[in-house]
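Inspection log for the structure reproduced underneath, given as structure tokens.
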Amino acid sequence: MQLKVESTQLNDVVIVVPEVFGDSRGFFMETYRADQFRDLGLPAEFVQENHSRSARGVLRGLHFQWDPPMGKLMRVVSGEAFVVAVDIRKGSPTLGKWHGMVISAENKKQVWAPYGFARGFCALTDGCEVLYKCTGVYNKQCESEICFSDPAIGIEWPMDLAAVMTSERDRKAQTLEQWLRSPLSDRVVYRR
């Protein structure tokens with residue numbers, strides 16, 4: 001079985017596409033193999049996996065963590081979601097740019113967004129379940145969020161933002177400009 005990647009307009013964010021074998025009984029696919037991830041230039045070690053379930057219209061994000069550095073591999077196992085990654089790395093040529101796409105249980109694609117990207121999604125169906133493989137263990141003291149409706153970023157969400165359900169944390173999130181003025185943002189720097 002062979003995993004493939006599709007590039008996005010953000011060089012470090014990629015779409016992982018598994019080879020799917022299906023018949024009248026259902027399907028089988030490998031969603032992760034350390035050797036293939038290494039060969040594709042992706043991280044081969046994940047230390048935490050999270051699972052969320054959301055009603056249609058729930059918007060979660062844009063979240064990120066700097067210590068330990070956390071990248072996320074996100075996939076939808078039930079329903080569909082519009083998944084977004086925003087580059088928040090100081091000095092990056094794509095700072096403030098975003099990539100969004102619909103991933104679903106049906107298309108079986110995964111979004112890899114490394115450390116230095118804020119990530120979020122909007123559930124497009126009821127019972128939308130998202131799995132996140134993470135390269136860092138959760139640390140509440142070293143996490144933050146960027147406002148999902150920050151006009152400087154301009155994410156084109158596929159739902160009316162006045163109608164989405166969000167947490168208080170996400171509604172009160174800082175803008176990208178506020179984040180970049182914070183001394184903490186010096187820990188999230190573009191490196192090549």
Side-chain angles (χ1 to χ4, degrees), residues 8-14 42-43 45-55 57-76 81-101 103 110-123 128-159 161-192:
T8 68
Q9 71 270 21
L10 301 176
N11 292 337
D12 297 321
V13 175
V14 297
L42 299 173
E45 184 177 331
F46 294 92
V47 296
Q48 180 175 318
E49 184 170 76
N50 304 325
H51 187 154
S52 71
R53 182 180 172 131
S54 303
V58 168
L59 195 151
R60 299 181 188 269
L62 303 162
H63 303 152
F64 61 97
Q65 177 177 305
W66 58 88
D67 187 22
M70 183 184 284
K72 289 183 182 175
L73 178 68
M74 301 173 71
R75 72 184 182 107
V76 174
F82 185 73
V83 176
V84 173
V86 178
D87 190 346
I88 62 165
R89 302 170 296 176
K90 278 188 168 179
S92 170
T94 58
L95 175 66
K97 303 289 187 217
W98 62 276
H99 176 77
M101 69 176 292
I103 61 171
Q110 302 177 82
V111 176
W112 163 249
Y115 168 65
F117 285 77
R119 295 152 296 247
F121 71 89
C122 183
C128 177
E129 295 190 36
V130 179
L131 295 179
Y132 320 62
K133 282 189 182 335
C134 304
T135 59
V137 175
Y138 176 69
N139 179 357
K140 184 175 180 58
Q141 281 67 47
C142 295
E143 68 161 347
S144 194
E145 53 282 323
I146 301 291
C147 183
F148 59 84
S149 60
D150 184 343
I153 299 170
I155 297 170
E156 296 172 13
W157 295 100
M159 300 187 95
L161 292 183
V164 297
M165 295 175 277
T166 63
S167 67
E168 184 173 343
R169 167 191 173 195
D170 291 343
R171 278 191 304 279
K172 294 181 175 182
Q174 66 190 327
T175 65
L176 178 61
E177 182 181 329
Q178 290 168 322
W179 162 249
L180 293 172
R181 286 195 314 252
S182 162
L184 292 172
S185 68
D186 291 336
R187 300 183 74 181
V188 183
V189 177
Y190 176 75
R191 301 193 198 297
R192 265 292 172 228

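Since the model is a prediction, treat every value here as computed from it, not as a measurement.
- Under the rule for a side-chain contact (heavy atoms from CB on, under 4.5 Å), the partners of Pro114 that lie at least two apart in sequence or sit in another chain are Asp12, Val13, Trp112, Phe117.
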**Report entry** Residue pair Val84, Phe148: steps toward the side-chain contact (heavy atoms from CB on, under 4.5 Å) verdict
**Finding:** CA-CA 10 Å; Val84 173; Phe148 59 84; over 6 Å; no
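- At least one side-chain heavy atom of Arg89 sits under 4.5 Å from a side-chain heavy atom of Val188.
- Looking only at atom types and distance, the side chain of His63 has a donor-acceptor partner in the side chain of Asp170 under 3.5 Å away.
- Within the 4.5 Å cutoff, no side-chain heavy atoms of Leu59 are placed close to those of Met165.
- The two atoms that bring Leu161 and Ser149 nearest to each other are CD1-CB, 3.7 Å, heavy atoms only.
- By the 4.5 Å heavy-atom criterion applied to side chains, Pro69 and Thr135 are not counted as neighbours.
- With rounding to the nearest 0.5 angstrom, the SG atom of Cys128 is 9.0 Å from the CZ atom of Arg60.
- Legend: residues meeting side-chain contact (heavy atoms from CB on, under 4.5 Å) with Leu180, ordered by chain and number and at least two apart, are Lys90, Leu95, Leu176.
- Atom OG of Ser182 sits about 10.5 Å away from atom CZ of Arg187, to the nearest 0.5 Å.
- Within a 6.0 Å sphere centred on CD of Glu49, heavy atoms belonging to other residues, nucleotides or ligands number more than 12.
- Contact check for Ser54 versus Phe121: side-chain heavy atoms found under the 4.5 Å cut-off.
- Between Thr175 and Gln178, the closest heavy-atom pair is N-OE1, 2.7 Å.
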Report task. Test side-chain contact (heavy atoms from CB on, under 4.5 Å) on Glu143 and Tyr138 and set out the steps. Result -> CA-CA 8 Å; Glu143 68 161 347; Tyr138 176 69; 2.7 Å; yes
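- Between Tyr132 and Ser52, the closest side-chain pair of non-hydrogen atoms falls below 4.5 Å.
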Requested in this report: Begin from the C-alpha positions of Phe64 and Val86 and carry the test side-chain contact (heavy atoms from CB on, under 4.5 Å) through to its verdict.
Outcome: CA-CA 10 Å; Phe64 61 97; Val86 178; over 6 Å; no
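- Looking only at atom types and distance, the side chain of Thr94 has no donor-acceptor partner in the side chain of Tyr190 under 3.5 Å away.
- Among Ile155, Leu10, Asp87, the one residue that satisfies the side-chain contact (heavy atoms from CB on, under 4.5 Å) test with His99 is Leu10.
- Residues Asn50 and Cys134 meet the side-chain proximity criterion, which asks for heavy atoms closer than 4.5 Å.
- Among all heavy-atom pairs drawn from Ile88 and Ala118, the shortest one is CG2-CB, 4.1 Å.
- Side-chain contact between Met74 and Arg119 is present, with at least one heavy-atom pair separated by less than 4.5 Å.
- For the pair Glu145 and Ala173, the tightest heavy-atom approach, listed with the atom from each and the gap, is CG-CB, 3.4 Å.
- In this structure, Gln9 places its CD atom where more than 12 heavy-atom neighbours from other residues, nucleotides or ligands lie under 6.0 Å away.
- Trp179 approaches Ser185 most closely through the heavy-atom pair O-CB, 3.1 Å.
- At most 12 heavy atoms of other shown residues, nucleotides or ligands fall within 6.0 angstrom of atom CZ in Arg53.
- Annotation: the span from Trp66 atom CH2 to Cys142 atom SG amounts to 5.5 Å, rounded to 0.5 Å.
- A donor-acceptor pair under 3.5 Å is absent between the side-chain atoms of Gln110 and the main chain of Ile103, judged by distance alone.
- A distance of 8.0 Å separates CG of Leu42 from CG of Leu73, quoted to the nearest 0.5 Å.
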Report task. Evaluate the side-chain contact (heavy atoms from CB on, under 4.5 Å) criterion for residues Ile146 and Gln174: first the C-alpha distance (whole Å), next the side-chain angles of each, then the deciding distance (0.1 Å), finally the verdict. Result -> CA-CA 5 Å; Ile146 301 291; Gln174 66 190 327; 4.2 Å; yes
